[in-house]
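One structure below.
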Amino acid sequence: MTDNYLQTLNDSQREAVLALDQPLLIFAGAGSGKTRVLTHKIAYILAEGLYPPSAILAMTFTNKAANEMRERIGHLLPHIDIRWMQVGTFHSIAARLLRREISLLGYSGNFTIYDEDDARRLLNNVVDELQLNTKQFPARMLKGVISKYKNTLQKPQDVTESVSTYHDEKIARIYAAYQDALRRNNAVDFDDLLLLPLDLFQNHPERLRIYQDQWRYVLVDEYQDTNRPQFQFVQALAQTHQNICVVGDDDQSIYAWRGADIRNILDFENTFPNAHVVKLEQNYRSTRNILEAAHAVVVNNADRAEKKLWTANDEGDPILVLECFDERHEAQRILRRLQKIRSNKSLSWRDFVMLYRTNAQSRALEDELRRQGIAYRIVGGTKFYERKEVRDILAYLRLLLNPNDEVSLERVLNFPTRGIGKTTLERLREAAHHGGIGMFEQLIQVTALPVGPRQKNALAVFHKEISRFRKMVDSQPPDDLVEELLQSFQIREHYEQLGDIEGQERLANIQELVASVAEYREHNPESGLREFLEEVSLLTDIDNWNASADAVALMTLHSAKGLEFPVVFITGLEEGLMPLRGGFDDRADLDEERRLFYVGVTRAEKQVILSYAVTRRRYGALPQPMMVSSFVRELPEHLVEHKALQVTAKTSGDQKATFDSIAKSRSGEEAVLQQGDKVEHAMFGIGQIVRMEGSGERARVTIKFSGNVSRKFIAKHAKLKKL
DNA sequence: CTTAAATACTTTTTT
DNA sequence: AGTATTTAAG
């Protein structure tokens with residue numbers, strides 16, 4: 001049986017599966033069968049009885065990847081019980097570990113996991129309490145800075161020692177106070193989830209030894225996206241037995257902005273000196289054209305490990321490039337093309353994906369899909385569990401489990417409105433912190449609070465009701481508990497009273513939440529509310545995506561990592577959007593954008609269609625003229641079929657009008673042009689001025705573009721960019 | 001304290 | 001453009 005499935009692997013894949021006595025680094029190019037190797041490797045270990053399932057620890061970045069891996073291993077080994085095999089995201093594995101161990105670090109096991117929004121609320125409170133201005137220290141910025149500190153393993157003390165400016169000193173103060181507040185709330189943020197296990201290992205080596213003994217073989221997927229804490233976590237677990245296997249591709253590293261450290265992959269051999277390296281370079285996914293195109297772009301990056309994918313697949317179709325007038329036109333053109341391919345190649349809706357750089361770009365595509373009545377599934381955007389009404393209910397539930405969670409307490413204290421306003425809340429917080437107790441505890445003694453009798457009563461009633469529910473948490477099934485909670489706090493009534501469509505929608509969402517709790521209970525009869533909340537807070541965008549539904553998929557390029565589709569559309573390929581210009585033009589940033597583009601292209605099996613719009617509207621502003629992305633220009637001409645925009649009578653009146661008005665509005669500060677200058681035209685791309693006629697308002701230029709195309713423009717209206 | 005109106009802010013990607 | 005938060009009126 002073992003031989004059977006090893007035969008389906010190619011030589012390097014087999015080598016990667018069988019290499020077990022040294023640390024192993026697998027360079028796995030896009031579509032080279034990385035997941036296959038990981039699952040077969042684990043299956044091999046288990047089938048040969050080298051280690052039991054409980055000794056396997058496999059870490060991924062999304063729950064979807066983890067579930068798939070578990071499922072595929074189960075499929076390979078139908079007779080082995082793999083329930084005790086640990087496969088999960090870094091964050092969920094760390095959370096599970098902390099539930100058991102965190103009391104050693106001064107938290108309690110019922111800690112709450114704070115997401116971005118919770119953390120920001122807490123930061124605002126902290127800044128308030130330090131009597132600083134939340135405008136001068138916006139939570140968003142603070143969270144980013146603190147995250148960076150945490151990702152580089154800098155504690156508040158380290159930061160405090162190294163600050164120089166007033167601003168930095170304050171931030172260090174806030175960081176320290178934030179960390180204290182988290183502890184007071186018995187809460188951890190996403191970064192802590194990875195950092196606290198490191199503290200545990202350092203301060204309690206005997207605990208580390210237990211996990212080293214338990215997890216005898218450690219595997220890491222998407223290793224190029226690990227950050228420093230994740231690396232140390234893995235290293236700590238594997239350092240004694242050195243049984244570690246990591247799989248990654250530096251060309252697909254797209255999370256440096258979140259602290260992913262590409263050195264983790266490039267330095268693997270330094271950390272594990274006798275590491276074995278296997279490269280998987282045969283691609284099974286894409287056509288030759290797609291692979292060649294992707295390669296032609298990514299070779300422009302500095303600092304990449306030298307490798308080149310190859311494939312035995314057909315040459316396939318050329319890369320189509322659609323030039324569009326604006327985002328609406330882009331959506332129309334994409335759908336026309338999609339329909340055409342679908343009927344020509346008899347594909348299903350699910351065979352198509354539309355990718356974009358930013359979530360906001362989905363709107364135009366969605367509008368057109370809806371207009372044409374085509375089923376689509378969108379990944380990301382406003383997530384279900386981030387809706388206000390859903391979060392409010394979750395806040396109640398979190399408070400039941402962890403009464404120290406003041407972010408949740410403050411969220412529900414006056415929801416639905418019960419006459420407890422800002423002042424009352426402030427007084428309550430003051431009294432509690434002054435007395436060195438939690439706000440929830442303070443609710444027991446409301447008589448001493450300097451607030452009105454109505455407020456006192458409301459607070460007391462609230463406290464009594466929450467306390468009643470707290471006693472029920474462990475005995476009641478979670479879905480019943482939620483239902484009773486909705487009743488008791490009259491939450492449905494609150495939305496019914498609104499009597500508008502929005503209220504109806506929110507009611508429906510609450511119903512969906514109840515259903516999802518019930519569904520969770522059904523699938524996990526042994527788990528309770530705590531486990532449900534943990535799962536919910538560690539969900540990733542892609543986890544909710546059902547690939548089997550027959551619908552066109554829409555998602556960001558980031559979400560698409562690890563997926564594959566017969567036909568891939570990459571939209572919005574304009575300079576400034578893809579690559580996205582963010583602040584400074586750092587070389588490393590541009591390279592990461594290029595890798596993102598590479599990830600997008602290599603998702604495709606059969607065909608890649610790129611599109612860009614000549615004008616695009618960005619958040620309510622007037623449409624801006626856009627230039628085609630430099631990445632598109634890096635594609636070799638022989639692989640590309642360019643479908644240019646026809647500026648003829650076909651172009652509708654209002655499109656022309658808009659374009660003219662943009663040209664006019666932009667013509668104010670025109671650079672002085674002269675013959676021989678290289679210029680860029682929004683619609684035609686780069687060209688050279690071959691002739692100039694007239695001057696001032698009536699100056700005309702003749703420009704020769706690539707492909708020996710010449711055009712004549714009125715300089716004032718042509719919106720030319722001098723290069 | 002609550003509701004309605006005004007204004008600020010967003011859009012980079014996410015565990 | 002749309003949402004969220006802040007401010008003013010009730």
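In the text below, chain A, chain B and the rest are named by the order of the sequence lines, each starting its count at 1.
Here Arg363(A) lies in heavy-atom contact (under 4.0 Å) with sugar-phosphate atoms only. As judged by a 4.0 angstrom heavy-atom cut-off over every strand, Asp541(A) is placed among residues touching the sugar-phosphate backbone only. Looking at heavy-atom distances under 4.0 Å, Glu116(A) makes contact with a base. Among the atoms of the strands shown, none is found under 4.0 Å from any heavy atom of Asp115(A).
Tested against Glu116(A) for a salt bridge (Lys or Arg N to Asp or Glu O under 4.0 Å), the candidates Arg391(A), Lys143(A), Arg140(A) yield a single pass: Lys143(A).
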Write out a two-atom table: protein N or O, nucleotide N or O from nucleotides 1-7 of chain B, distance below 3.5 Å.
residue : atom : partner   : partner atom : Å
dC1(B)  : OP1  : Gly421(A) : N            : 2.3
dC1(B)  : OP1  : Thr424(A) : OG1          : 3.0
dC1(B)  : OP2  : Thr423(A) : OG1          : 3.1
dT2(B)  : OP1  : Gly419(A) : N            : 2.7
dT2(B)  : OP2  : Asn414(A) : ND2          : 3.3

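One can place CZ of Arg387(A) at 15 Å from C1' of dA4(C), the figure rounded to the nearest angstrom. Following rounding to the nearest Å, His558(A) (NE2) and dT14(B) (P) show an atom-to-atom distance of 7 Å. Across the protein-nucleic acid pair, Leu596(A) atom CG and dT12(B) atom P stand 14 Å apart, rounded to whole Å. When the C1' atom of dA4(C) is taken as reference, atom CG of Asn124(A) falls 13 Å away, rounded to whole Å. For the pair Leu194(A) CG and dT14(B) P, the computed distance is 17 Å after rounding to whole Å. Computed from coordinates, the Ile254(A) CD1 to dT12(B) P distance equals 16 Å when rounded to whole Å. The nearest whole Å value for the distance from the CD atom in Glu222(A) to the P atom in dT13(B) is 19 Å. Distance, Met578(A) CE to dT11(B) C1': 15 Å, rounded to whole Å.
Between Ser559(A) and dT13(B) there is no side-chain polar atom (N or O) within less than 4.0 angstrom of OP1 or OP2. The side chain of Asn359(A) places no N or O atom within less than 4.0 Å of a non-bridging phosphate oxygen (OP1 or OP2) of dT12(B). Dashed line: the shortest gap from a side-chain N or O of Thr540(A) to OP1 or OP2 of dT15(B) is under 4.0 Å. Applying the 4.0 Å criterion to OP1 and OP2 of dT11(B), one finds that Arg140(A) has a side-chain N or O inside that range.
Here the separation of dA4(C) from dT13(B), taken at their C1' atoms, is 22 Å to the nearest Å. dT11(B) and dT15(B) are spaced 16 Å apart, taking the P atom of each and rounding to whole Å.
Between Phe90(A) and dT15(B), no base-stacking contact is recorded for ring centres under 5.5 Å apart and planes less than 30° from parallel.
A salt bridge links Asp405(A) with Arg398(A): the distance from a Lys NZ or Arg NE/NH1/NH2 to an Asp or Glu carboxylate oxygen falls below 4.0 Å. Between Asp367(A) and Arg328(A) there is no salt bridge, since none of the side-chain N atoms of the basic residue sits less than 4.0 Å from a carboxylate O of the acidic one.
When each of Arg120(A) and Thr89(A) is assigned the nucleotide of DNA chain B with its nearest heavy atom, Arg120(A) is the one assigned upstream, toward the 5' end.
Environment of CD in Glu71(A): sparse, with no more than 12 heavy atoms of neighbouring residues, nucleotides or ligands closer than 6.0 Å.
Asp191(A) and Ser147(A) share a donor-acceptor pair across their side chains, judged by distance under 3.5 Å alone. There is a side-chain donor-acceptor pair under 3.5 Å between Asp249(A) and Gln252(A). Between the side chains of Ser362(A) and Asn359(A), no donor-acceptor pair is found at a separation under 3.5 Å. Side-chain contact of Asn227(A) with Asn151(A): a donor-acceptor pair under 3.5 Å is present, judged by distance alone.
Relative to the side chain of Arg258(A), the nucleotides dT15(B), dT13(B), dT11(B) differ in distance, and dT15(B) lies closest.
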